[in-house]
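Here the structure is laid out as structure tokens; the discussion comes afterwards.
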2 protein chains.
Amino acid sequence: MPPLKYSKQREAIKSFLACRLDHPTADTIYSALREEYPNLSLGTVYRNLSLLSDLGEITKITTGEGPDRFDGNTSRHHHFICTCCHQVNDLDMENIDFIMETASKNFDGHIDSYFVNFYGICKNCLEKKQ
Amino acid sequence: MPPLKYSKQREAIKSFLACRLDHPTADTIYSALREEYPNLSLGTVYRNLSLLSDLGEITKITTGEGPDRFDGNTSRHHHFICTCCHQVNDLDMENIDFIMETASKNFDGHIDSYFVNFYGICKNCLEKKQ
DNA sequence: TATCATATTGATAATTGTTACTATTATTAA
DNA sequence: TTAATAATAGTAACAATTATCAATATGATA
């Protein structure tokens, strides 16, 4: 792949993600950054998100419901998706990377990564329901 | 929700999935069933897949690459997705449901399910590469 | 068995999320 | 300061999925 050139749009996307604890969609990022860059294009956001994700500088989260989300925190962690409000939260949990070993036991191929999503009802929605 | 009425299309989709070990997409199911039901509609396939999935009679697999896939085997198991040929395989592995407990420890909401996908290179692709 | 209410369908249009294209602009090395 | 090319904005195209709606099939009831 060709050498990277600087782009303020890409930097803006990266630093927007870096200081967010939620996990915005491409469209959320686009809308937010358009305030500072009024003629930012949605294509540019998608292009850079997939580039940054390929470079390992951000992570793509596919939830199975709605659009993909993106995470500026690339350290190993997993996510909880509320089936009620659809918010995505980081989970602060022990390392479970050993499940790759467990999965490898009766398997012929080579496993080198995994994604886990946990589903349920978040605290907020639990409180609202009663 | 209103009471279900029988439909041969829905039964066909269910039994098609029941006797397949791979994990076909909506479109694959549609193409295959059109041989027996030439005027089956793709919308009918999608409608029934999401209905059956809501009823828990089949499972939807979101891989993060390409369209969703569907699994007639609803017993607890996980999947391996080859990042080379994109095939989806069942993994025969020990139960790891306890990771829901692990995840619940520092979390306030209520976790009631989880999905894990494992990624890597399958046996076939490994052999082809060398 | 005929009738009725309604769940389901096929056909198609609409929507959503994402990627591709292209002329123009920005970046970087010489 | 020029030249090569990566990146952009704007827009069109695309793929996957959902919605709409008139016609049909199902199943309960008379």
Side-chain angles (χ1 to χ4, degrees), chain A residues 1-17 22-55 57-71 81 86 88 117, chain B residues 1-17 22-55 57-71 81 86 88 117:
Chain A
M1 50 192 108
L4 284 188
K5 284 185 180 175
Y6 173 87
S7 115
K8 64 183 194 301
Q9 292 88 338
R10 181 157 56 233
E11 287 309 307
I13 291 167
K14 206 157 53 161
S15 60
F16 180 79
L17 279 177
D22 65 344
H23 307 85
T25 63
D27 200 68
T28 303
I29 297 167
Y30 170 67
S31 303
L33 292 183
R34 268 182 77 95
E35 297 186 11
E36 193 179 354
Y37 305 92
N39 45 8
L40 175 67
S41 161
L42 183 55
T44 298
V45 174
Y46 273 107
R47 202 182 325 110
N48 281 297
L49 285 173
S50 94
L51 174 61
L52 291 169
S53 167
D54 288 346
L55 294 173
E57 299 192 30
I58 64 172
T59 311
K60 186 176 81 163
I61 309 168
T62 300
T63 64
E65 40 182 53
D68 286 341
R69 290 160 171 279
F70 296 88
D71 193 339
I81 295 132
H86 305 281
V88 178
N117 287 330
Chain B
M1 49 191 110
L4 284 188
K5 283 184 182 178
Y6 173 87
S7 114
K8 63 181 192 305
Q9 292 87 338
R10 181 156 56 233
E11 287 309 307
I13 291 167
K14 205 156 54 162
S15 59
F16 179 79
L17 278 177
D22 65 343
H23 307 85
T25 63
D27 201 68
T28 303
I29 298 167
Y30 170 67
S31 303
L33 292 183
R34 267 179 80 94
E35 298 186 11
E36 194 179 354
Y37 304 92
N39 45 10
L40 175 67
S41 161
L42 183 56
T44 298
V45 174
Y46 273 107
R47 206 178 321 112
N48 280 297
L49 285 173
S50 94
L51 175 60
L52 290 169
S53 167
D54 288 346
L55 294 173
E57 300 191 30
I58 63 172
T59 310
K60 186 177 83 165
I61 309 168
T62 300
T63 64
E65 40 183 50
D68 286 341
R69 290 160 171 279
F70 296 88
D71 194 338
I81 294 130
H86 305 282
V88 178
N117 286 330

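Lettering of chains follows the sequences in order, A, B, ..., and the numbering in each one begins at 1.
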* Short side-chain N/O contact to D/dT8 OP1/OP2 from A/Ser41, under 4.0 Å -> no
* Asked: Would one find a side-chain N or O of B/Gln9 under 4.0 angstrom from OP1 or OP2 of D/dA25?
  -> no
Protein-nucleotide distance ([X], atom [atom1]; [N], atom [atom2]), rounded to Å:
{"X": "A/Glu65", "N": "C/dT16", "atom1": "CD", "atom2": "P", "value": "17 Å"}
{"X": "A/Glu36", "N": "D/dA9", "atom1": "CD", "atom2": "C1'", "value": "17 Å"}
{"X": "B/Arg34", "N": "C/dA11", "atom1": "CZ", "atom2": "P", "value": "7 Å"}
{"X": "A/Leu4", "N": "D/dT5", "atom1": "CG", "atom2": "P", "value": "16 Å"}
{"X": "B/Tyr30", "N": "D/dA16", "atom1": "OH", "atom2": "P", "value": "14 Å"}
{"X": "A/Lys8", "N": "D/dT8", "atom1": "NZ", "atom2": "C1'", "value": "9 Å"}
{"X": "A/Asn39", "N": "D/dT8", "atom1": "CG", "atom2": "C1'", "value": "9 Å"}
{"X": "A/Ile29", "N": "C/dG17", "atom1": "CD1", "atom2": "C1'", "value": "14 Å"}

* Is the backbone of A/Thr62 close enough, under 3.5 Å, to the side chain of A/Asn117 for a donor and an acceptor to pair up by distance? -> yes
* **Heavy-atom donor-acceptor pair, B/Arg10 side chain to B/Lys5 backbone, under 3.5 Å** => yes
* Asked: What pairs with A/Glu65 under salt bridge (charged side-chain N to carboxylate O under 4.0 Å, His left out), at least two apart in sequence or on another chain?
  -> none
* Asked: Counting side-chain heavy atoms from CB outward, which of C/dT18, D/dA9, C/dT27 is closest to A/Lys5?
  -> C/dT27
* **Among D/dT26, D/dA7, C/dT18, the one nearest B/Tyr6 by side-chain distance** => D/dT26
* If each of B/Leu42 and B/Ser7 is mapped to the nucleotide of DNA chain D with the nearest heavy atom, which maps nearer the 5' terminus, i.e. the 5' end? -> B/Leu42
* To do: For A/Leu40 and for B/Pro67, find the nucleotide of DNA chain D with the closest heavy atom, then tell me which residue's nucleotide is more 5'.
  => A/Leu40
* Name every residue in residues 44-54 of chain A that has at least one heavy atom under 4.0 Å from any atom of DNA chain D, in order of residue number, or write none if there are no such residues. => A/Thr44, A/Arg47, A/Asn48
* Structure fact -> Those residues at least two apart in sequence (or on a different chain) that pass side-chain hydrogen bond (donor to acceptor under 3.5 Å, both in side chains) with B/Thr28 are B/Thr25
* **B/Thr63 and B/His23, any side-chain heavy atoms less than 4.5 Å apart** => no
* Are A/Leu49 and A/Ile29 side-chain neighbours, meaning at least one heavy-atom pair lies under 4.5 Å? -> yes
* To do: Please report the closest heavy-atom contact between A/Ile13 and A/Asn48, naming both atoms and the distance.
  => CD1-CB, 3.7 Å
